[in-house]
Colleague: 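One structure is given below, represented as structure tokens, and several questions about it will come after.
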There are 2 protein chains.
Amino acid sequence: MARRSSAETKATILAAARERFAAEGYDRATIRAIAADAAIDPSMVMRYFGNKEGLFTAAADFDLRLPDVAALPRDQVGTTLARHFLLRWEEDEGMMVLLRTAVTSEVAVERMRQIMAEQLAPVVRRLVPDPEEAALRMGLVITQILGMALCRYVLRLPPVAALTHDQIVTWLGPTLQRYLTA
Amino acid sequence: MARRSSAETKATILAAARERFAAEGYDRATIRAIAADAAIDPSMVMRYFGNKEGLFTAAADFDLRLPDVAALPRDQVGTTLARHFLLRWEEDEGMMVLLRTAVTSEVAVERMRQIMAEQLAPVVRRLVPDPEEAALRMGLVITQILGMALCRYVLRLPPVAALTHDQIVTWLGPTLQRYLTA
DNA sequence: AGTGTAGGCCAACGTCTGTTGACTTTCGGA
DNA sequence: TCCGAAAGTCAACAGACGTTGGCCTACACT
């Protein structure tokens, strides 16, 4: 049996962890199950990631890859942002990991605040110079974005899951536009 | 030691369960902890509610108490709904129970779908007669409402938690108005 | 060929969980 | 006064979990 390299195994475990955390949340995603998915012994997970929290931290790391919306025509900010987040949710499991786990784990909430502050806040601040108002605007935007993600990908509420990409962009775009520029 | 009646004990357990489920979610809210809060033996919980799922079902039962928005002036639907949900979130722990647990438990999701269908759908359908369009409108509304509740009460994101009631009504009202009537 | 080391496995630990059944205590009605 | 049902306690079960330490084994380098 060919033996895997350290880096390969680590990547395999991480991929399995991301899937499990995204699908089941922190508590129900057991190390034993993740190890089984990766076709490895549970003790290897500990070797590479220290403990469960370490594994989670590695699995919940991601980049929003936000475009510089301040460079766009001002009236396209809302729809552009809506479309961007929609694609991002569907291609990066890390975002789902964080949303699912943040509800039960204080560590995950802290990580979410951090990502907001580091990745979303600077972009918003380029649109809204006043810091206090920028915080307000960002807060409103995040409620609508996370609300859509929650209902569509986590809860899978039928009327929301049935929406097409174009419908979502058409309806959420103006909302985000108003929250940011009105 | 004065002995409690069956109904009293059951109510005490239920109150403790609601608090624990709302604060910690389904998995972390243990029967032992709930029983301790109610100053009772864990086995009594089983006696009164059968099993953990039965206890949860009882704790997650609640009424949205939606007003008949179709009777209002049409342009006040959005703000009225925003204000109503805001108050409802803050006075009924049952809603928090369901939101927190729905993220990890399929049973809770099913219950949430049911409440939407039974309590929210009829109200929306009085505003939007066409059933297919009513489903679309309701879906949009629920994303914004749950998104706000998630960010404010569960994740406690600072910019969202800092909002006043009036700010929320002022900003979310027009959004809901557009989702329902535009 | 020999050997050190990195990758991997196995068995077990202590703890916590939901759940069960048998036992004890209280109290209201015949 | 007695007695049976109701309210409550106690101890234990079986399973799952995160985590640990010891042991094996294949491979690269001398």
Side-chain angles (χ1 to χ4, degrees), chain A residues 1-60 97 100-101 103-108 111, chain B residues 1-60 97 100-101 103-108 111:
Chain A
M1 187 75 168
R3 179 173 288 211
R4 289 182 288 195
S5 78
S6 168
E8 272 174 338
T9 303
K10 199 169 175 181
T12 306
I13 294 172
L14 202 58
R18 254 195 266 269
E19 250 178 81
R20 286 277 177 181
F21 279 132
E24 305 175 0
Y26 189 85
D27 288 325
R28 305 217 200 207
T30 71
I31 290 204
R32 284 173 150 91
I34 292 167
D37 290 350
I40 212 81
D41 191 86
S43 63
M44 294 305 289
V45 178
M46 312 302 292
R47 180 115 87 203
Y48 287 126
F49 295 94
N51 55 25
K52 189 174 182 178
E53 198 174 309
L55 176 62
F56 165 75
T57 303
V97 170
R100 258 232 164 76
T101 54
V103 173
T104 43
S105 158
E106 196 57 34
V107 186
R111 183 92 191 86
Chain B
M1 184 74 167
R3 178 171 290 211
R4 291 181 288 197
S5 76
S6 169
E8 273 174 337
T9 304
K10 200 169 174 180
T12 307
I13 294 174
L14 203 56
R18 254 195 266 269
E19 250 179 81
R20 285 277 177 181
F21 279 134
E24 306 176 357
Y26 188 87
D27 288 323
R28 307 221 206 215
T30 71
I31 290 202
R32 285 174 151 90
I34 292 167
D37 290 350
I40 213 81
D41 191 86
S43 64
M44 295 303 291
V45 178
M46 313 302 293
R47 180 118 83 203
Y48 287 126
F49 296 95
N51 55 26
K52 188 173 182 179
E53 197 174 311
L55 176 61
F56 165 75
T57 302
V97 170
R100 257 232 164 74
T101 53
V103 173
T104 43
S105 157
E106 195 58 34
V107 187
R111 184 92 190 85

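Residue numbers begin at 1 in each chain, while the letters A, B, ... track the order of the sequences.
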Colleague: At what angle, to 10 degrees, do the two end axes of the helix from dA1(C)-dT30(D) to dA30(C)-dT1(D) meet, given five pairs define each axis?
Modeller: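 Taking five pairs per end, the axes differ by 10°.
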
Colleague: For a 4.5 angstrom cut-off between non-hydrogen side-chain atoms, does Arg100(B) reach Tyr26(B)?
Modeller: no

Colleague: Would you indicate which nucleotide in dG18(D), dG7(C), dG18(C) comes nearest to any side-chain atom of Thr30(A)?
Modeller: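 Closest of the options to the side chain of Thr30(A): dG18(D).
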
Colleague: Between Arg4(B) and dG8(D), is there a side-chain N or O to OP1/OP2 distance below 4.0 Å?
Modeller: yes

Colleague: Rounded to whole angstroms, how far apart are CD1 on Ile34(B) and C1' on dG18(C)?
Modeller: 12 Å

Colleague: What's the CZ-C1' distance between Arg20(A) and dC17(D), to the nearest Å?
Modeller: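 Roughly 14 Å, once rounded to whole Å.
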
Colleague: Does some side-chain heavy atom of Phe21(B) sit less than 4.5 Å from a side-chain heavy atom of Arg28(B)?
Modeller: no

Colleague: Do the side-chain N or O atoms of Ser6(A) get closer than 4.0 angstrom to the phosphate oxygens (OP1, OP2) of dG7(C)?
Modeller: yes

Colleague: Taking atom P of dC17(D) as reference, at what distance in whole Å does atom CZ of Arg28(B) sit?
Modeller: 15 Å

Colleague: Asp27(B) and Lys52(B): which non-hydrogen atoms are nearest, and at how many Å?
Modeller: O-NZ, 3.7 Å

Colleague: For residues Ala59(A) and Leu14(A), report the shortest heavy-atom separation together with the two atoms involved.
Modeller: N-CD1, 3.9 Å

Colleague: Does any part of the side chain of Met46(B), heavy atoms only, come nearer than 4.5 Å to the side chain of Asn51(B), both counted from C-beta?
Modeller: yes

Colleague: Would you confirm whether Ser105(B), through its side chain, and Thr101(B), through its main-chain N or O, come within 3.5 Å as a donor-acceptor pair?
Modeller: no

Colleague: Within residues 35-56 of chain A, find the residues that approach DNA chain D with a heavy atom at under 4.0 Å, and present them sorted by residue number.
Modeller: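 The stretch gives Ser43(A), Met46(A), Asn51(A), Lys52(A) as the residues lying under 4.0 Å from the strand, ordered by number.
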
Colleague: For the pair Glu19(A) (side chain) and Ala16(A) (backbone), establish whether a donor and an acceptor sit closer than 3.5 Å, ignoring hydrogens and angles.
Modeller: no

Colleague: Can you tell me how far P of dC16(C) sits from CG of Asp27(B), to the nearest Å?
Modeller: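 That distance rounds to 17 Å.
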
Colleague: Answer yes or no: side-chain N or O of Arg32(A) and base N or O of dG18(D) forming a donor-acceptor pair under 3.5 Å.
Modeller: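 Looking at the base of dG18(D), it does pair with a donor or acceptor on the side chain of Arg32(A) (distance under 3.5 Å).
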
Colleague: Side-chain atoms of residues 31-39 of chain B: list all donor-acceptor pairs with protein atoms under 3.5 Å, sequence neighbours left out, distances to 0.1 Å.
Modeller:
{"residue": "Asp37(B)", "atom": "OD1", "partner": "Arg20(B)", "partner atom": "NH2", "Å": "3.3"}
{"residue": "Asp37(B)", "atom": "OD2", "partner": "Arg20(B)", "partner atom": "NE", "Å": "2.7"}
{"residue": "Asp37(B)", "atom": "OD2", "partner": "Arg20(B)", "partner atom": "NH2", "Å": "3.4"}

Colleague: Do Val45(A) and Leu55(A) have side chains that get closer than 4.5 Å, going by heavy atoms?
Modeller: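 With C-beta onward as the side chain, the pair touches.
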
Colleague: Compare side-chain N and O positions of Thr9(A) against OP1 and OP2 of dG8(C) and report whether any pair is under 4.0 Å apart.
Modeller: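 It does, given that an N or O in the side chain of Thr9(A) lies less than 4.0 Å from OP1 or OP2 of dG8(C).
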
